[in-house]
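Remarks on the structure that follows.
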Amino acid sequence: MLDVPAKPAARFITFEGGEGVGKSTQVKRLLVRLNRMDIEAVRTREPGGTPKAEAVRAFILQGRSESWGPGAEAVLFAAARYDHVSSLIAPSLKSGKWVISDRFHDSTRAYQGLTGGVNDKLIQGLEELALDGHQPDLTFVLDMDPSTAFARVESRELEKALAQTGDRFEKEDLEWHRRLRQAFLAIAKANPDRCVVLPASQSEDSLEEEIWDTLTRRYPELAERKAG
Ligand code: T5A
């Protein structure tokens, strides 16, 4: 009989970091790689991922909750996350699918908590309620200077300006984004078993390789599978 390696156990992987560091790009690339190995994976994002959570996303990112302050916004993000976890993330993992999320709870810690000044007790309480034990197995924190990241999204910014849109948090100033960067680094430092910080200023290809190397070192069963 052929010795076919068992399918690797489903994992929950998140990508975090500031604006324009390349999270969405790497989430898509990872999904392609996993699918090529015949590993079922779901690509999702926060805020969003389910119809209800996407409705909350539109409300927040259009700036409609801005005057409510970061505390109320943290509650809104957690409400969206509660639906995302219970309707999509938990059932997907249970059925053996990998889940790759573009942002998750570390974004609330960084944006509303450490940078927005919302107290840790509220952030932690919301996290417990929304996650219901579904901590990511591994979090990639993509790190780079925000001014370089802004240059990357400049053309997209111009398109948004022309369309008279523009996301709620992309409007904050450079100094705010530098503090945000430090917030993500502090979260990674406090969670060394879960978080891996990678320099995001490298090319898309080399960052993809570094992500894959990290995954195969952590989950050697992935390295044993051959691409289909
Ligand atoms: N938020 C979210 C909170 O405040 N609290 C929360 O709890 C949560 C969950 C979400 C906003 O909500 C906030 C954070 C955000 O402000 P969003 O639209 O999802 O809004 O914003 P971002 O996550 O920042 O998404 P972006 O699309 O802006 O950034 P990405 O995904 O990091 O970057 P990406 O992959 O789209 O790439 C940006 C550009 O750079 C190029 C790409 O082609 C693209 O043009 N690029 C590279 N160029 C050179 N080298 C590389 N290595 C490159 N990688 C990508």
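Although no hydrogens or angles enter the test, the distance criterion places no donor-acceptor pair under 3.5 Å between the side chain of Ser65 and the main chain of Trp68. Arg152 places a side-chain N or O within donor-acceptor distance of the main-chain N or O of Val21, the cut-off being under 3.5 Å.
At a threshold of 4.5 Å between non-hydrogen side-chain atoms, the residues Ile39 and Lys7 do not count as touching. Counting only heavy atoms from C-beta outward, the side chains of Pro136 and Arg194 approach each other to under 4.5 Å. Looking at heavy atoms from C-beta onward, Asn191 lies out of side-chain contact with Thr139 at the 4.5 angstrom threshold. Under the 4.5 Å side-chain criterion, counting only non-hydrogen atoms from C-beta, Asp205 is in contact with Arg29.
Under the ring-ring contact (aromatic ring centres under 6.0 Å, His included) criterion, Phe12 pairs with Phe104, sequence neighbours left out. Under the rule for a salt bridge (charged side-chain N to carboxylate O under 4.0 Å, His left out), the partners of Arg178 that lie at least two apart in sequence or sit in another chain are Asp145.
Under a 4.0 Å N-O distance rule, the pair Glu221/Arg11 qualifies as a salt bridge. Contact check on Arg57 versus Glu46 returns no salt bridge, with no Lys/Arg side-chain nitrogen under 4.0 Å from an Asp/Glu carboxylate oxygen.
Between Phe150 and His177, the distance from one ring center to the other falls under 6.0 angstrom.
Aromatic ring pairs are classed by plane angle as parallel below 30°, tilted from 30° to 60° and perpendicular above 60°; the pair Phe15 and Phe140 is tilted.
Listed by first and then second residue, the side-chain hydrogen bond (donor to acceptor under 3.5 Å, both in side chains) pairs involving residues 87-101 are Asp83-Ser87 (not counting sequence neighbours).
With respect to Leu198, the side-chain contact (heavy atoms from CB on, under 4.5 Å) criterion is satisfied by exactly one of Asp143, Ile211, Val141: Ile211.
In summary, the side chains of Arg81 and Thr108 do present a donor paired with an acceptor at a separation below 3.5 Å, with no hydrogens or angles considered.
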